[in-house]
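Take a look at the structure set out below.
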Amino acid sequence: MSKEKTPPIVLDGGPRKVRNSKFRLRQHGIYDIAYEDRTSTQWTRCLRPLVDGLRDIRSTAPYAQSLLAEIVMLAPMAFIAYMLSAVWLSVSPAINLYFLSFLFNLLEDSFVSGTLTPEAYRFVAVSWVSCALISVVVDRMHAQSRDALRTRLRAHFIPQLIRASLRADLFSMEDLYTLFPVMARFESEFPGGSFLQQLTQLMRTVLTLLSQVAVLLHAISYKQSPEREVLMFFCIAHPMVRCFAPSNGIGSSAYIYWTDNQHFKKMKTLFGLTFSPQYRADLILDGVASSLETEYKKAANKLGYATDSEPYPWSGGLLRSWYWDFLMNITLDLPLAVYALTLPARLSPSSVTSMALLQQATSSLSLSIGEYSTDTSSLRGLCSQAKWLYDAINHQSSMPQGTEPFPRSNGKPSNQGMKISFRRVTLRYPGRNHDAVQNVSFDVMPGQLVLVVGVNGSGKSSMLKLLARLFDPSAGEILVDDRPLKSYDIDQLRAAMSILSQSPVVYPVSVRDNLCLGLPPTLKPSEEQVERAARMGGCSHWISKLEDRYETQLRPSFDVDNGWSEGVYGIVSEDLKQELTRHNGLRTAISGGEKQRLAASRTFMRLNHSDCRLVVVDEATSSLDPVAERDILSEFRKAREGKTMIFVTHRFHHLAKDADQIICMKEGSVIECGTHVDLLKADGEYAQLYNAQAA
Ligand SMILES: Nc1ncnc2c1ncn2[C@@H]1O[C@H](COP(=O)(O)OP(=O)(O)OP(=O)(O)O)[C@@H](O)[C@H]1O
């Protein structure tokens with residue numbers, strides 16, 4: 001066995017300037033970091049972010065204003081309770097500080113006069129305790145009103161985001177997470193909630209700071225000069241240093257980071273493969289599973305001890321220069337030390353109370369200022385969050401939306417199939433260097449049964465995607481009922497189409513809901529109607545074997561956040577774990593063929609109960625046994641009345657003779673078009689494909 005060489009330890013590198021680049025680079029373990037070089041204009045280094053920030057705030061503040069107004073209107077009482085409680089929680093530290101300084105002043109007076117005033121002590125004690133009690137009650141009120149507001153926010157904004165998201169075209173889908181401010185688990189998703197929280201946080205920090213400064217000034221104003229000035233200086237020295245210290249080693253600039261380390265990338269990929277359920281079966285079937293551990297170990301060994309934690313400002317290599325931390329520490333403790341050292345020379349009761357006050361004041365003020373310096377940058381974030389939410393809600397698809405109703409009221413009666421015309425249509429997918437559909441022209445007349453055939457990758461499915469307007473042609477035009485496809489209201493047009501795709505999906509809902517999704521919202525299908533659709537799609541048999549039949553919850557095709565809320569916090573007993581399992585819904589997995597039958601039944605449900613004028617079946621029976629395939633296709637043929645039907649299939653022998661038109665595609669182009677008899681006579685590509693099947 002060959003002995004692996006121990007890899008070297010990689011230390012962080014300091015900043016380095018890249019020639020002809022406006023970026024500076026530094027290294028953090030396996031990561032490269034790039035940030036903007038601002039050293040040439042030193043004075044703008046501090047001002048620039050401030051000016052940029054103000055400019056941003058100016059442009060985005062109207063969004064924040066609208067969002068705030070919308071939140072207030074949603075739940076005025078909860079909002080008032082939330083804000084009032086926030087105000088109390090902000091000023092209560094200052095009130096405590098006030099009582100503390102009051103107490104110290106009482107102490108001083110007692111020392112000087114030699115008499116105690118019990119009423120005054122009682123007053124301070126009662127007020128202090130009451131203040132703490134009020135804070136407990138207000139804390140609860142704050143949490144309750146926050147929860148009430150969040151519930152309203154979710155109910156109000158999520159439907160708007162759903163609508164906007166479903167309007168997005170496939171090009172924007174790639175940016176879905178950038179466009180839509182919903183990334184976390186559904187349970188923690190409250191659009192506008194973090195805006196509200198940050199707004200309150202900001203308000204609380206400013207109020208806390210102001211009230212503490214006011215109380216301190218009030219307390220210090222009782223002292224004699226120069227003690228008053230010394231106290232003042234000591235109180236603000238540390239918070240000021242804290243305020244001006246850069247937040248990390250690259251100042252306040254934003255930065256990017258990446259890694260080209262192949263070993264790390266391999267480890268990440270192997271980890272992802274192992275823990276994503278989608279790959280589990282394939283890993284086992286392909287015999288890859290057994291080698292994953294060894295491969296991971298090999299990659300980890302090659303990576304060695306290089307730091308692979310992501311470069312956040314608080315990780316070692318990116319910390320600010322050491323002297324800032326030194327200055328912070330020394331300003332925190334030194335004033336107190338100096339004060340204490342000089343104390344014996346002028347010992348007085350007043351000096352003792354001053355020291356205690358100084359200690360309390362310095363630490364609480366510096367804490368507030370620390371929070372303040374973090375929160376001011378979030379004023380900018382706060383406004384842009386509001387903008388993000390509104391931008392998402394108002395997101396428009398990059399495909400222009402038509403307004404013409406479908407079917408047109410003055411057009412053909414809706415019991416006729418759809419007429420479809422392709423006119424020199426070309427489609428090139430973004431980032432591809434060849435056309436998936438090239439200069440294609442044909443007409444499908446209302447009510448025709450059309451067969452689209454061709455070898456893999458010849459552009460059949462792409463043509464259907466164009467028809468459903470998942471993509472728009474790069475050139476040419478598509479007409480529906482002699483009007484441009486683009487001119488129609490896309491939702492109404494899609495409602496008149498039923499497309500059964502190559503890889504149908506199972507939704508994370510019950511069998512019944514899987515069948516009924518996509519029906520007009522007002523329709524409440526009866527038990528018989530659901531069972532009939534299931535029968536037509538060949539599902540009755542396997543559904544009858546399920547314990548909960550139509551109510552069985554199905555395991556989805558993709559692991560999406562589907563609202564199955566569950567969780568464990570901390571270490572729980574076995575009994576608790578079992579109780580949780582009892583509450584978790586169990587989801588049933590179904591086979592590939594059953595999925596296709598389910599999807600076919602869903603299509604039949606739509607055919608039977610909605611105004612559907614075009615049915616497209618795209619290679620949707622590939623996992624079915626020949627008998628099931630024949631039965632389903634025959635059900636489709638029976639349901640032809642008043643509909644145009646397009647079948648895309650590689651196994652077309654039992655459809656060919658019934659087809660009014662066969663379109664044969666190759667490399668994105670239509671190379672033959674006609675009836676089965678015509679095309680066999682022509683003895684071209686179609687005849688070859690047909691004869692290959694018959695053989
Ligand atoms: N979303 C996409 N993005 C980029 N290229 C795509 C996309 N979908 C398909 N293609 C490419 O377009 C070409 C045509 O693919 P299409 O799926 O339309 O062929 P097909 O005839 O339906 O194939 P099959 O019979 O295998 O289903 C192929 O080269 C394919 O790689």
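We count ligands from 1, going down the list as the structure has it; atoms in each ligand are counted the same way.
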Nearest neighbour in protein (non-hydrogen) for [atom]:
atom	result
atom 1 (N) of ligand 1	Tyr429 CE2, 3.8 Å
atom 25 (O) of ligand 1	Lys460 NZ, 2.8 Å
atom 26 (O) of ligand 1	Asn456 ND2, 2.9 Å
atom 27 (O) of ligand 1	Gln502 NE2, 2.6 Å
atom 31 (O) of ligand 1	Arg432 NH2, 3.5 Å
atom 22 (O) of ligand 1	Ser461 OG, 2.7 Å

Number the atoms of ligand 1 from 1 as they appear, then name those within less than 4.0 Å of a heavy atom of [X], with their elements.
X	answer
Ser458	19 (O), 20 (P), 21 (O)
Gly459	14 (C), 18 (O), 19 (O), 20 (P), 21 (O)
Ser462	14 (C), 15 (O), 16 (P), 18 (O)
His650	25 (O)
Lys465	8 (N)

Ligand 1 versus Met665: contacting region, heavy-atom distance under 4.0 Å = neither
Between His434 and ligand 1, which part of the residue brings a heavy atom under 4.0 Å of the ligand: side chain, backbone, both or neither?
-> side chain
Assess the pair Phe636 and Phe604: is the distance between their ring centroids shorter than 6.0 Å?
-> yes
Residue pair Met463, Val452: steps toward the side-chain contact (heavy atoms from CB on, under 4.5 Å) verdict = CA-CA 10 Å; Met463 223 164 62; Val452 184; 4.1 Å; yes
From Thr426 OG1 over to Asn439 CG, what is the distance, rounded to the nearest 0.5 angstrom?
-> 5.0 Å
Distance alone, cut at 3.5 Å: any donor-acceptor contact between the side chains of [X] and [Y]?
X	Y	result
Thr675	Asp678	yes
Gln385	Ser194	yes
Ser501	Asp618	no
Tyr31	Glu310	no

Cation-pi check, Lys387 to Tyr63: give yes when NZ or CZ is under 6.0 Å from the six-membered ring centre and within 45° of the ring axis, no otherwise.
-> yes
Distance-only N or O hit between ligand 1 and Gly457, under 3.5 Å | yes
Do Ala436 and ligand 1 have an N or O pair less than 3.5 Å apart?
-> no
Before giving the answer on side chain to side chain donor-acceptor pair (under 3.5 Å), spell out for Tyr488 and Thr403 the whole-Å C-alpha distance, their side-chain angles and the decisive distance to 0.1 Å.
-> CA-CA 5 Å; Tyr488 291 114; Thr403 50; over 6 Å; no
Would Leu467 and Ile646 satisfy side-chain contact (heavy atoms from CB on, under 4.5 Å), going step by step from the backbone distance to the final call?
-> CA-CA 11 Å; Leu467 203 50; Ile646 303 180; 4.2 Å; yes
